[in-house]
**Student:** 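Submitted below is the structure of interest, expressed as structure tokens.
Here is how names work: the chains are called A, B, and so on, in the same order as the sequence lines, proteins then strands, and each is numbered from 1. In this text the structure is predicted, and so the values were computed from the model without any measurement.
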Number of protein chains: 2
Amino acid sequence: MRQTTPPRRSDCPISYALDFVGDKWTLIVLRDLIIMRKQHFRDFLGADEKIASNILASRLKLLEAAGMLSRRRDPAHARQVIYEPTEKGLDLLPSMLELVRWSAKYDSRTAAPPALVRRIAEDRDAYIAEIRSLAKEAKTATRK
Amino acid sequence: MRQTTPPRRSDCPISYALDFVGDKWTLIVLRDLIIMRKQHFRDFLGADEKIASNILASRLKLLEAAGMLSRRRDPAHARQVIYEPTEKGLDLLPSMLELVRWSAKYDSRTAAPPALVRRIAEDRDAYIAEIRSLAKEAKTATRK
DNA sequence: CTGTATCCTTAGGGATACTG
DNA sequence: CAGTATCCCTAAGGATACAG
């Protein structure tokens, strides 16, 4: 399993982004973290795509090392770990939403809630702001 | 080398997009096709990332099968083939630009021309329109 | 519950030679 | 020029068991 970012192939910004998300799993984990607002290891494990526990662990580690998410113990349940997106992770939301829009346009079987798709098309920036504020809220709520 | 799209893992739109661009090379080829406006096999081969000819051929085939680009013979030079993005391919431009924006923000070494980065930040839609119109122009120009 | 540790398979990819 | 055809190898990924 991959534990480090591969060496950069060029100084192109697209290539740079691919060094992080150019595989089958990283964006799935980020989707669950940011859009689905999952917080616990078990939640990610339950995704429809059936990610294996070792793959999930390696991706969480990679994303943490890349500064895309942070980990901390749940203050209430000491055995649980809470994953939260960082600013750098949240900043990938626009890219993800454009991919959602693209898929919704070309794949009829794609199962994004129509309301979400409409929001992304008409009111993307407000949706991004909402996700960001929810993330900030969750962080302060569980911290105190 | 991969010749067909892998079976879909779920009906999630992000997962669907990853079925196409969830690897290290496909988006690089699309970048060259759409943003760099490359048209010939040799142009793609010359990219900084040093793609191998068999990988390139498999990606071009895959993208054609997916309806993201079209191939045709150059009417002037019968031995040459011209690749052009389709509507479906061009529609990935917004996603690519968001990735460029993200990389430009977090990677100081990223080599997007500053003017391009600024345009994407301030005037993304106009840039997209420009690329689209250039693509359409090229198509009609070489067809007649 | 949150991960590690193994084992194993396969597919993705690099190098290179070659063809119409 | 525009690809194919091979060979080879590694890393990515799946399954499963188990540990703190």
**Student:** Rounding to a whole Å, what distance do you find between Gln39(A):CD and dT2(C):P?
**Tutor:**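 Spelled out: CD on Gln39(A) to P on dT2(C) is 11 Å.
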**Student:** Roughly how many Å is it from NZ in Lys61(A) to C1' in dT4(C), rounded to a whole number?
**Tutor:**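 My rounded result for the distance is 8 Å.
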**Student:** Heavy atom of residues 10-31 of chain B under 4.0 Å from DNA chain C: which residues?
**Tutor:**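 Hits under 4.0 Å, by residue number: Lys24(B), Trp25(B).
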**Student:** Assign each of Ile51(A) and Arg79(A) to its nearest nucleotide of DNA chain D by heavy atoms, then name whichever residue's nucleotide is nearer the 5' end.
**Tutor:**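 Mapping each residue to its closest nucleotide by heavy atoms, the 5'-most match is Ile51(A).
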**Student:** Less than 4.0 angstrom from a charged side-chain N to a carboxylate O is my criterion; do Glu98(A) and Arg124(A) meet it?
**Tutor:**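 Salt bridge: yes.
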**Student:** Can you pull out every salt bridge (Lys or Arg N to Asp or Glu O under 4.0 Å) where at least one residue sits in residues 105-121 of chain A? Sequence neighbours excluded, please.
**Tutor:**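 Found Lys105(A)-Asp91(B), Asp107(A)-Arg8(B), Arg119(A)-Asp123(A), Arg119(A)-Glu130(A).
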**Student:** Taking side-chain contact (heavy atoms from CB on, under 4.5 Å) as the definition, give me every residue that meets it alongside Leu116(A), ordered by chain and number, with sequence neighbours left out.
**Tutor:**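 If we apply the side-chain contact (heavy atoms from CB on, under 4.5 Å) test to Leu116(A), skipping adjacent residues, the hits are Pro113(A), Ile120(A), Tyr127(A).
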**Student:** For the pair made of CG in Leu62(A) and P in dT4(C), what is the distance, rounded to whole Å?
**Tutor:**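 Distance, rounded to whole Å: 13 Å.
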**Student:** Think Arg59(B) has a side-chain N or O under 4.0 angstrom from the OP1 or OP2 of dG13(C)?
**Tutor:**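 For dG13(C), OP1 or OP2 has a side-chain N or O of Arg59(B) closer than 4.0 Å.
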**Student:** Take the protein atom CG of Asp43(B) and the nucleotide atom C1' of dG3(D), then report the distance between them rounded to whole Å.
**Tutor:**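 It is 15 Å, rounded to the nearest whole Å.
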**Student:** Phe44(A) near the nucleic acid: base, sugar-phosphate alone, or nothing, with a heavy-atom cut-off under 4.0 Å?
**Tutor:**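 The answer is nothing, as Phe44(A) stays clear of every strand by at least 4.0 Å.
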**Student:** With a 3.5 Å cut-off and heavy atoms only, can you find an N or O donor on one side and an acceptor on the other between the side chain of Ser53(A) and the base of dT2(C)?
**Tutor:**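 When only heavy-atom distances are counted, Ser53(A) does not reach the base of dT2(C) through any donor-acceptor pair under 3.5 Å.
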**Student:** The side chain of Ala57(A) lies closest to which of these nucleotides: dA15(D), dT4(C), dG3(D)?
**Tutor:**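 Nearest nucleotide to the side chain: dT4(C).
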**Student:** Write down the distance between NE2 (His40(B)) and P (dA2(D)), rounded to a whole number of angstrom.
**Tutor:**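 Distance check: His40(B) NE2 to dA2(D) P gives 7 Å.
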**Student:** I want to check one thing: is the phosphate of dG3(D), taken as OP1 and OP2, less than 4.0 Å away from some side-chain N or O of Tyr83(B)?
**Tutor:**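 Checking Tyr83(B) against dG3(D): at least one side-chain N or O falls below 4.0 Å of OP1 or OP2.
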**Student:** Find the bend of the helix from dC1(C)-dG20(D) to dG20(C)-dC1(D) as the angle between its two terminal axes (five pairs each), to the nearest 10°.
**Tutor:**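 Inter-axis angle at the termini of the helix from dC1(C)-dG20(D) to dG20(C)-dC1(D): 50°.
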**Student:** Salt bridge (Lys or Arg N to Asp or Glu O under 4.0 Å): which pairs involve residues 36-46 of chain A, sequence neighbours left out?
**Tutor:**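 As it turns out, the salt bridge (Lys or Arg N to Asp or Glu O under 4.0 Å) pairs with a partner in residues 36-46 of chain A, which skip direct neighbours, are Asp32(A)-Lys38(A).
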**Student:** Rounded off to whole Å, could you give me the CG-to-P distance for the Leu60(B) and dG3(D) pair?
**Tutor:**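 Taking CG of Leu60(B) and P of dG3(D), I get 7 Å after rounding.
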**Student:** Could you tell me whether Arg59(A) and Asp23(A) have a side-chain N and a carboxylate O separated by less than 4.0 Å?
**Tutor:**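 Salt bridge between Arg59(A) and Asp23(A), a charged N being under 4.0 Å from a carboxylate O: yes.
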**Student:** Side chain of Asn54(B) only, heavy atoms from C-beta on: which candidate in dC1(C), dG20(C), dT6(D) is closest?
**Tutor:**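 My answer, after comparing the listed nucleotides, is dT6(D).
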**Student:** Please give, in whole Å, the distance from dG13(D) P to Leu56(A) CG?
**Tutor:**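 Leu56(A) atom CG is separated from dG13(D) atom P by 13 Å.
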**Student:** Search all heavy atoms of Lys139(B) against all heavy atoms of Arg72(B) and return the closest pair with its distance.
**Tutor:**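 Smallest heavy-atom distance, with atoms named: O-NH2, 4.2 Å.
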**Student:** Could you give the CD1-to-C1' distance, from Ile55(B) to dG3(D), as a whole number of Å?
**Tutor:**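 Rounded to the whole Å, the gap is 14 Å.
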**Student:** Mind checking side-chain contact (heavy atoms from CB on, under 4.5 Å) for Ala121(B) and listing every partner two or more places apart, or none if nothing turns up?
**Tutor:**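 Partners of Ala121(B) under the side-chain contact (heavy atoms from CB on, under 4.5 Å) test: none.
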**Student:** Hey, which sits more toward the 5' end of DNA chain C by its nearest nucleotide, Arg9(A) or Gln80(A)?
**Tutor:**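 Final value for this comparison: Gln80(A).
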**Student:** Below 4.0 angstrom from OP1 or OP2 of dT2(C), is there any side-chain N or O of Arg71(A)?
**Tutor:**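 The answer is no; no side-chain N or O of Arg71(A) sits under 4.0 Å from OP1 or OP2.
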**Student:** Could you note down all residue pairs passing ring-ring contact (aromatic ring centres under 6.0 Å, His included) where residues 18-56 of chain B supplies at least one of them, sequence neighbours left out?
**Tutor:**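 Qualifying pairs: Trp102(A)-Phe20(B), Tyr16(B)-Phe20(B).
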**Student:** What pairs with Ser10(B) under side chain to side chain donor-acceptor pair (under 3.5 Å), at least two apart in sequence or on another chain?
**Tutor:**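 Partners of Ser10(B) by the side chain to side chain donor-acceptor pair (under 3.5 Å) criterion, ordered by chain and then number, come out as Glu49(A).
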**Student:** Run the side-chain contact (heavy atoms from CB on, under 4.5 Å) test against Ala111(B) and tell me which residues pass, sequence neighbours left out.
**Tutor:**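 With neighbours one apart ignored, the set is Asp11(A).
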